Amino acid sequence: MSIVSTENETTSEKIRHPLQVAKQLEQFKATIFTQMSMLAITHGAINLGQGFPNFDGPEFVKEAAIQAIRDGNNQYARGFGVPDLNIAIAERFKKDTGLIVDPDNEITVTSGCTEAIAATVLGLINPGEEVILFAPFYDSYGATLSMAGANIKSITLRPPDFAVPIDDLKSTISKNTRAILINTPHNPTGKMFTREELDSVASLCIENDVLVFTDEVYHKLAFDMEHISIATSPGMFERTVTMNSLGKSFSLTGWKVGWAIAPPHLMWGVRQAHTYIAFSISHPLQCGAAAALRAPDSYYVELKRDYIAKRAILVEGLKAVGFKVFPTNGTFFVLADHTPFGHENDVAFCEYLIKEIGVAAIPLSVFYLNPEEGKNLVRFTFCKDEETIKAAVERMKEKLSK
Amino acid sequence: MEGKLSRAAKKLTSSPIQELSHLAQRCNAINLAEGFPDFPAPLHIKNAAVSAINSDLNQYRHVQGICEHLAKIVKEMHGLDIDSETDVAICCGQTEAFAAAIFATIDPGDEVILFDPSYETYQGCVTMAGGVPIHVPLDPPQWTLDPRKLLTSITERTKAIILNSPHNPTGKVFTKDELETIAGACCSRNCLAITDEVYEHITYDNQKHISLASFPGMQERTIITSSLSKTFSVTGWRIGWAIAPASIASAIRNIHIIVTDSAPAPFQEAALTALRSPPEYFESLRRDYQSKRDYIIKLLAGVGFKIQFIPQGSFFLFAELPEDCPLSDVEFVKKLILEAGVVAVPGQGFFHTNLSTNETSSASCNYQKRYIRFAFCKSETTLAAVSEKLGKLLDVEGKLALY
């Protein structure tokens, strides 16, 4: 049966190519992480770029997930989380912050913290609304906010200590600001927001009726000071979405189990978006996560100790090679200034480092709205076993000269 | 603080299917509502997942082998030649593949055509992206597509047509003629097609699922979405994909990375094993589901439901309330839960009143409250238990006496 259109076909506005990607996404190409990882593989470089461990998660967590598969927990989980996991998250949150939250109404389990951010932004931000970010920022924040059509205002944290410039923040935040996004401990700088900084942010948010979205995935990799959740500050729980995940604390980044904690009036928006983006997340892996979050304190003590040792190896090594290294108080990242080596910018330096030296790092320019601000900096990770870190340091000592 | 919700979120309501499930749980009802099996997933696939976890395949990954298997499968099933390097995006279930496809292609104000009744999530997603859902009704009782209704719904703002076949909730498998109609419309009006083919391997009576992308002129403008979930009874693993021309697949991949970063690593590995299943696996899947279909039709027709359309695919039966039943679908299901201890989904949640064809007279739309969706992806024990429970509520003529 042939279909003959009886309507007149084209006007000049109708010349539209169906294969055109939605406008706000045309700017996004493959992430810098993927690019650098591919380049690293091609050149056999040791990858200190992308932030995932080359060692695996604890056996007891994997066993719990395996048992869940064997027990038949392979169908759709409850959309906002397997009940036992929500309870485990609430218990852990209480231990860590003292805050008591309702597992069924104030916690939503998401596909990693990445999806918590996407669901929070899509559920709570309207096109055109203003959101403040601290640069350098993890690249998915900017991309997700662009997808939601947000108006992004960026405040730069500057070396050497990446302290929050309170005056900049005061002059940027206003009653037009919808939300501010905080990541502490901070990727890529390793900075931890201090009590004073968070108090300043809190009072400005209360004064201007601004929401806070906080990404705390590295909260168990806090080395030199206590991690503070802004939700614990007076007046803040009602306007904060606190996000976290399993991946970094338990070296299971590929499981994609994360969560958002928020009061019910904010959680509703997060849940709606989550339902349409993902519906529910992996059932057996949530069962594994529930076991993980009940780990004894000794697990976290050991985790911290291991990472502090790895940090020492990398930081000493980078300094010995000739980098200017900035102090990192948390996460498994460290920033270094590459300019002693005389390359044009961070991307050029990273390409040289991969191709000629055989080590991969991440150029920092992509973490800023204005790439110029990052051109002197590169990010190394120490979430690798000690032999790998030592080997990378050796390669750099051998071949990298000022 | 409710004022802080985004406009898009305010338009959305919570899933009626999930709410009914909660009621059913509280009443301990047999769940023929939610579309997932209560029998175990295939052992060889579970073993593959266990093995992946034990082999430390637990970090962020993209398992390219999945793309290669899919390329082989779509070639064998539909004759489509795709580039496994560029044309496939692995996502967290078909849900995410679909959401990413929508965000990749729909700008605010774009119209998107859906066939009514439709799975509730499609509209929610389109709305979230700022698109305008336009519902084209399929005509009961056979759920046929009237080409005029489709063509008159297409405007210069129409960006895409969504096609779910085999179809949830009716179990319809769109015919070759209907697919040609849709394909012709897409090509002549320069629209995209986004398909949901999750039930592609669950078809009956020797019906074959035909992918819209296999029609002339369609591959270059179609995004196919599907997943492991229904074919391999692992709805809780969240492994799905989108297949599309390279530029669109790339945009979908980028969005996937922004929104969820990676599909669960160990289950991607297990997907390789699943997708390598031999033809016998798929044959026995169809056979088992067909016998469940036949059982439930016999049971429900026997107690008075009107079943004028036999499902040709999916694991859903869209049964019409008995002629003399004065209750609406929602009232009926509530009674079914409370008195029979069985839960199903009232059909009205799948129908939309803002139909493109202006048929707003209550008579012609009355049918929207007369259908109930039963899922028969349940074990024989479960289905037999349903029979037993309903058996206790029959009148002298053997019909359900709930009203």
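Nothing here was measured: the structure is a model prediction, and the numbers come from that model.
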Main chain of [Y], side chain of [X]: is a donor-acceptor contact present, judged purely on distance under 3.5 Å?
X	Y	value
Glu96(B)	Ile277(A)	no
Arg238(B)	His283(A)	no
Lys256(A)	Thr260(B)	yes
Ser262(B)	Gly254(A)	no

Looking at Thr121(B), Val259(B), Asp261(B), Ile257(B), which one has more heavy-atom pairs under 4.5 Å with chain A than the rest?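 If we count pairs closer than 4.5 Å to chain A, Val259(B) comes out on top.
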In terms of heavy-atom pairs under 4.5 Å, which option from Ile53(B), Ile223(B), Asp38(B) contacts chain A the most?
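The option with the most such pairs is Ile53(B).
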Looking at [atom1] of [X] and [atom2] of [Y], how far apart are the two atoms once the value is rounded to the nearest 0.5 Å?
X	Y	atom1	atom2	answer
Glu63(A)	Asn54(B)	CD	CG	6.0 Å
Tyr276(A)	Gln123(B)	OH	CD	8.0 Å
Asp56(A)	Asn58(B)	CG	CG	4.5 Å
Ile258(B)	Ile117(A)	CD1	CD1	11.5 Å
Ser251(A)	Asp56(B)	OG	CG	10.5 Å
Tyr60(B)	Thr114(A)	OH	OG1	5.5 Å

Please find the pair of heavy atoms, one from [X] and one from [Y], that lie closest to each other, and give the distance.
X	Y	result
Thr95(B)	Thr275(A)	CG2-O, 4.1 Å
Thr235(B)	Tyr76(A)	OG1-N, 2.8 Å
Lys46(B)	Arg70(A)	NZ-O, 4.3 Å

Under 4.5 Å from any heavy atom of chain B - which part of [X]:
X	answer
Pro264(A)	neither
Tyr141(A)	neither
Phe250(A)	neither

Could you tell me if the side chain of [Y] sits less than 4.5 Å from the side chain of [X], heavy atoms only?
X	Y	value
Gln75(A)	Val234(B)	no
Phe103(B)	Leu122(A)	yes
Pro284(A)	Phe267(B)	yes
Trp255(A)	Gln59(B)	no

Pick whichever of [options] has the most heavy-atom pairs under 4.5 Å with chain B.
options	result
Gln50(A), Glu115(A), Lys62(A)	Lys62(A)
Gly57(A), Cys113(A), Ala118(A)	Ala118(A)
Ile66(A), Asn54(A), Val121(A)	Ile66(A)
Ser140(A), Ala119(A), Ala278(A)	Ala278(A)

Query - Proximal component of Ala100(B), with respect to chain A [non-hydrogen, under 4.5 Å] - result: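 Neither part, no heavy atoms under 4.5 Å.
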Heavy-atom proximity to chain A below 4.5 Å, by part of Lys176(B):
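Contact with chain A: none, neither part.
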side-chain contact (heavy atoms from CB on, under 4.5 Å) evaluation trace for Ile69(A) with Asn47(B):
CA-CA 9 Å; Ile69(A) 293 172; Asn47(B) 285 340; over 6 Å; no
